[in-house]
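Just below is one structure, and these are the notes that go with it.
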There are 4 protein chains.
Amino acid sequence: MPAARRRGRPPDPQLAETRRRALVAAASEAFAQQGYAAAGIADIDARLESGHGTFYRHFESKREILDHVVDDAIARLVASVLPDPAALQTGSAEEFLALVDELIGRVFAVVDAEPDVLCLLLLETTSIDEAMTLRLLNAVEGVTGAVAAALEDGVRDGFLRADLDTHAVAAQALYLLVPGLLRTIRGGLQGEDRDRYRRGVVELLARGIAPAA
Amino acid sequence: MPAARRRGRPPDPQLAETRRRALVAAASEAFAQQGYAAAGIADIDARLESGHGTFYRHFESKREILDHVVDDAIARLVASVLPDPAALQTGSAEEFLALVDELIGRVFAVVDAEPDVLCLLLLETTSIDEAMTLRLLNAVEGVTGAVAAALEDGVRDGFLRADLDTHAVAAQALYLLVPGLLRTIRGGLQGEDRDRYRRGVVELLARGIAPAA
Amino acid sequence: MPAARRRGRPPDPQLAETRRRALVAAASEAFAQQGYAAAGIADIDARLESGHGTFYRHFESKREILDHVVDDAIARLVASVLPDPAALQTGSAEEFLALVDELIGRVFAVVDAEPDVLCLLLLETTSIDEAMTLRLLNAVEGVTGAVAAALEDGVRDGFLRADLDTHAVAAQALYLLVPGLLRTIRGGLQGEDRDRYRRGVVELLARGIAPAA
Amino acid sequence: MPAARRRGRPPDPQLAETRRRALVAAASEAFAQQGYAAAGIADIDARLESGHGTFYRHFESKREILDHVVDDAIARLVASVLPDPAALQTGSAEEFLALVDELIGRVFAVVDAEPDVLCLLLLETTSIDEAMTLRLLNAVEGVTGAVAAALEDGVRDGFLRADLDTHAVAAQALYLLVPGLLRTIRGGLQGEDRDRYRRGVVELLARGIAPAA
DNA sequence: AATGAATGAGAGTTCATTCAT
DNA sequence: CATGAATGAACTCTCATTCAT
C-alpha cells in the first residue's frame with residue numbers, strides 16, 4: 001500500500017501567493033488613488049470583483065495590508081532604480097555623474113510607469129501612524145546609505161572632495177529629486193523640461209562634490 | 001418702519017473672530033498631533049471645553065476648518081521666514097548666501113517654536129484630497145517663485161550662473177531643507193548637527209549657483 | 001456682575017438616567033425574547049425608535065448593557081420577593097412554612113408580571129461568558145445565604161431538624177421552584193395547577209426540615 | 001442494461017456514520033467549552049483536522065448538528081444513569097431509597113467523567129431557540145415520567161404515601177440535584193461534601209415520600 | 001449664541017455556508 | 001468524497017453632523 005494520499009483538493013500555495021499579490025496591487029491602487037483613509041476594503045475588493053471575506057482570508061486588517069503595499073512599493077522602486085548595488089562602483093567623477101544621471105532617469109521611468117508607487121510613498125505614507133513613518137524613513141535611510149557608500153568610494157579614490165559630508169550629500173541628492181517627481185506625478189514634467197531638470201540636478205551635484213580646484 | 005432693533009447684547013463680530021481663531025488653533029494642534037483622520041471634532045472641542053455645536057456655528061465641516069488651519073500654518077510660516085519679500089534683494093553672491101543662511105535659520109526657529117506647523121504641512125496635508133494638495137503646492141509655488149525671482153536678479157546682476165534654471169533650483173533649495181526639518185521634528189536635529197546640516201545646504205547651493213569659473 | 005452663568009442648554013442628569021433606564025428595559029426585552037446572541041443593537045434601538053448612536057452614547061458595548069440588564073433583573077426580582085430580609089425571622093415551623101408559601105407566591109407573581117426577568121436569568125444568562133455566569137451565581141448565592149440563615153435560626157430555635165444541611169437545603173429550595181417557573185413562563189402554569197405545585201414544594205420542605213419525631 | 005457499477009471503492013455507509021459521530025463529538029466539545037454562539041464550524045473541523053466541506057456533507061447547518069449533539073448528550077446521560085428502566089422496580093421504601101441513592105451517585109459519576117455533557121444541557125441549551133428548549137424539556141419530561149412511574153409503583157404497593165403527587169415529586173427529585181451538579185461542574189463538589197449533599201437529597205425525599213406515620 | 005444628546009451612514013470585521021477543484 | 005478558498009450578509013461600533021433646548 002502506498003503512503004496514504006491526502007484526501008481532497010491539494011492546497012495550492014501558489015494560489016494564495018497570487019491572491020495576496022493581487023490584493024496588494026489592488027490595495028496599492030486604491031490607497032494611491034483615494035488615499036488610505038478614504039479607501040475602504042470594499043474598494044479593494046471591487047477592483048478584484050471578490051468579496052470582503054477573501055480580503056480577510058489573506059490579510060489580518062486594512063492596516064496590515066498597508067505594510068505590504070508599502071514594502072512592495074519600496075521594493076519595486078529600489079529594484080527598478082538600483083537593481084545591483086555593486087553597479088554603484090565608479091572610477092572617476094565623470095563616471096560617477098554619468099551614473100547619477102542614469103539613476104535619475106530610471107527614477108523618472110518608474111514614475112512614468114507606476115505613478116501610484118510614488119503617490120503612496122511621498123504623499124500617503126507620512127500620515128498613517130508612527131510605525132509606518134519609521135518604515136518609510138528606514139527605507140530612505142537604506143538608500144541614502146548606499147549612495148553615501150558610493151560617495152565614500154569616490155572620496156577614497158580621490159575624485160570627490162576630501163571633506164565631503166557623504167551622508168548629508170546622499171540625502172540631499174535624493175531630496176533634490178522630489179520637486180521634479182512631484183511635478184511629474186501631477187502636471188507631468190516631461191520632454192525638454194524634464195531633461196533640463198535632470199541636467200540641473202546633475203550639475204548641482206557635480207559642483208557640490210567636485211574636489212576643490 | 002425702521003428695522004426692528006434686536007434685543008439683548010448685539011452680536012459681537014470680534015467675538016466670533018476670536019472664537020474662530022481659537023478653533024483653528026485647537027484644530028491645528030489636534031490635526032498635527034493625532035492626524036487629520038484620527039482627530040475628531042470632539043478632540044477640537046475638548047481643547048476649548050466647548051460643545052460640538054459651537055464648532056458648527058463657525059465652520060461648515062471638519063474639512064473646511066482644515067483649509068483654515070493650513071492657510072494659517074502657511075501664513076505663519078511665511079510671515080516668520082519671509083516677513084518682507086523685498087528683503088530678498090541682494091547685491092552679491094556673498095550677500096545672497098548669507099541671506100539663504102539666515103532664512104534657513106529662521107525656518108528652523110519656526111520648527112523649534114511650533115513643530116505642529118510643519119507636522120501638518122509636511123506630513124498631513126498631502127493625504128487629504130486633491131484640493132488640499134493643490135492648496136499646499138500653490139503655497140510652495142509662491143515661495144518658490146519668490147526665491148526664483150531673487151535668483152533671477154542675481155543672474156541678471158551677474159553674480160550667479162548665467163545658465164541657472166532658477167525655478168528648479170529655487171524648488172530644490174526648499175526641498176533640501178526637508179530632511180533636516182523632518183529630523184528636527186522627530187529626533188531633534190540640534191546644536192552642532194544642525195549647524196553642519198545648515199552649512200551643507202548653503203555650501204551645495206554656493207557651489208551650484210556660482211558663475212562658471 | 002453675577003457669577004458668570006454657564007452658556008447653553010443646561011445638561012440634564014435626569015435625562016441621561018431616563019435614557020439609560022429605557023435602554024436597559026428595551027435591551028431586557030430584546031435579550032429575553034430573541035436571546036442575547038440573536039438580538040442586535042438595532043433591535044434595541046428599534047424598540048425605542050432611536051438611532052444606534054444613542055445606544056453607544058450611554059453604554060460602551062452590547063456586553064456592557066447586559067450586565068446592567070441582569071443586575072436590574074436581579075434587583076427587581078429580589079426587591080419583589082424579599083423586600084425586607086428581616087422579614088425572614090420566624091418563630092415556629094408553621095410560621096416558617098407560611099413564609100415559604102408566601103415567598104413562592106411572590107416569585108410567581110413576579111413571573112406573571114414580568115416574565116422577561118426570569119427568561120433572562122434562567123435561560124440566557126448561563127451561556128454568555130464566565131463573568132456573567134459568576135454574576136448570576138453570586139446573586140443566587142446571596143439569596144441562598146439569606147434562606148440558609150433563616151433555616152439556621154430555625155435550627156437554633158429548635159423548630160427545625162438539628163442535622164439540617166442548611167445551605168444545601170436553601171439552594172435546593174430555590175431550585176425546586178425552577179420547574180414550576182419554567183412551566184409558568186412557557187405554557188402557563190396557572191390556577192389550580194399552580195396551587196398544587198406550590199403546595200407540593202411546601203409539603204416537601206415541611207417534611208424535609210421537620211425535627212425528627 | 002444493468003445499473004452501471006460505480007468505479008472505485010463503494011461508499012461505505014459505516015464510514016459516513018463514523019464521521020458523523022466524530023463530528024458530533026467534536027461539536028459537543030466545542031459547544032460545551034466555548035459556547036454554541038462562540039464556537040465556529042472552524043473550531044469543530046479543527047478538532048478533527050478536516051475541512052469545512054466535510055462538515056456540510058454530513059450536516060445541514062450548525063444548528064442541525066446541535067440537535068444531534070444534544071440528543072447524544074441526553075442519550076449518554078440517560079444510558080449512564082438509567083441503563084435499564086426495568087431496574088426502577090423496587091419492593092420497599094428502603095430499596096427505593098437505595099436506588100435513588102445509587103442513581104444520584106451515577107449522575108455525579110457522569111458529570112465527573114464528562115462534564116461537557118451537563119455544561120451543554122444545563123447551561124447552553126436553554127438559550128438557543130424555542131425548538132431546542134422544547135427538545136430539552138421533552139427529555140426532562142421523559143425522565144420525570146420514568147421516575148414518576150416508579151413512584152406510582154411504590155404508591156400502588158403501599159410503601160409510599162398514598163396521596164403522593166408522583167409527577168411533581170419526580171420533577172422535584174431531579175431539580176434537587178441541580179445545585180449540586182452546578183457546584184460539581186464549577187468548583188468541584190467532591191469527597192465528603194458531595195456525600196453530605198447526596199445524603200441530604202435522599203433524606204429529603206425519604207421524608208417527602210414516606211407514608212403518613 | 002451655546003450646548004451636547006441624538007442621529008445614522010458607513011466603516012472594519014466575522015463566519016456560516018457554497019462550490020470549484 | 002474531501003478540501004479550503006471564496007462569498008457576502010450581518011454584525012458591532014464610530015463619528016461628522018443636526019437641532020431641540
Side-chain angles (χ1 to χ4, degrees), chain A residues 5-12 15-16 18-19 37-45 48-63, chain B residues 8-9 11-12 15-16 19 37-45 48-64, chain C residues 5-12 15-16 18-19 37-45 48-63, chain D residues 6 8-9 11-12 15-16 19 37-45 48-63:
Chain A
R5 266 200 301 125
R6 243 179 100 54
R7 307 284 193 78
R9 168 185 182 179
D12 180 353
L15 184 62
T18 306
R19 278 270 179 202
I41 302 296
D43 296 303
I44 299 173
D45 298 331
L48 303 178
E49 295 180 57
S50 66
H52 310 159
T54 303
F55 177 91
Y56 284 96
R57 164 163 298 279
H58 296 283
F59 296 94
E60 292 262 318
S61 66
K62 185 183 173 187
R63 182 63 184 76
Chain B
R9 193 218 281 189
D12 178 352
L15 187 67
R19 277 266 184 206
I41 301 297
D43 295 303
I44 298 171
D45 297 331
L48 302 177
E49 299 181 54
S50 67
H52 309 161
T54 303
F55 177 92
Y56 283 94
R57 172 160 302 281
H58 295 284
F59 296 94
E60 291 266 316
S61 67
K62 184 183 174 184
R63 182 61 186 78
E64 193 218 329
Chain C
R5 265 199 303 125
R6 240 180 103 57
R7 305 286 192 77
R9 170 187 182 178
D12 179 354
L15 183 63
T18 307
R19 278 271 179 203
I41 301 298
D43 295 303
I44 299 172
D45 298 330
L48 303 177
E49 296 180 58
S50 66
H52 311 159
T54 302
F55 177 92
Y56 284 97
R57 164 164 299 279
H58 295 283
F59 296 94
E60 292 262 318
S61 66
K62 184 183 173 186
R63 181 63 185 75
Chain D
R6 288 193 48 204
R9 193 217 282 190
D12 178 352
L15 187 67
R19 278 267 184 207
I41 301 297
D43 295 303
I44 299 172
D45 297 331
L48 302 178
E49 298 181 54
S50 67
H52 309 161
T54 302
F55 177 92
Y56 282 95
R57 173 158 303 280
H58 294 284
F59 296 95
E60 290 265 318
S61 67
K62 184 183 173 186
R63 182 61 186 76

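Values below: all heavy atoms of this structure, side chains included; hydrogens, waters and symmetry mates excluded. Chain letters run A, B, ... following the sequence lines, proteins first and then strands; every chain starts at 1.
One atom, CG of C/Asp45, and another, P of F/dC11, lie 12 Å apart when rounded to the nearest Å. Computed from coordinates, the D/Glu49 CD to F/dG4 P distance equals 10 Å when rounded to whole Å. Rounded to a whole Å, the CZ atom of D/Phe59 is 16 Å from the C1' atom of F/dA2. Whole-Å rounding puts the B/Leu48 CG to E/dA1 P distance at 18 Å. The distance from atom NE2 of A/His58 to atom C1' of E/dT13 is 16 Å, rounded to the nearest whole Å.
Listed by chain and residue number, C/Asp67, C/Asp129 satisfy the side chain to side chain donor-acceptor pair (under 3.5 Å) test with C/Arg63 (two or more places apart in sequence, or in another chain).
Taking 4.0 angstrom as the limit, B/Arg19 places none of its side-chain polar atoms (N or O) nearer than this to OP1 or OP2 of E/dA1.
For the atom pair CZ of D/Phe55 and CG of D/Asp45, the computed distance is 7.5 Å after rounding to the nearest 0.5 Å.
The stretch residues 50-59 of chain C participates, sequence neighbours left out, in no side chain to side chain donor-acceptor pair (under 3.5 Å) pair at all.
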**Message:** Walk along nucleotides 14-19 of chain F from 5' to 3' and tag each nucleotide B, S or - by protein heavy-atom contact under 4.0 Å, base first, then sugar-phosphate.
**Reply:** BBSBBB

**Request:** Kindly express the pairing pattern of DNA chain F in dot-bracket notation, using | wherever a base pairs with another strand and counting only Watson-Crick or G-U pairs under 3.5 Å.
**Result:** .||||||||||||||||||||

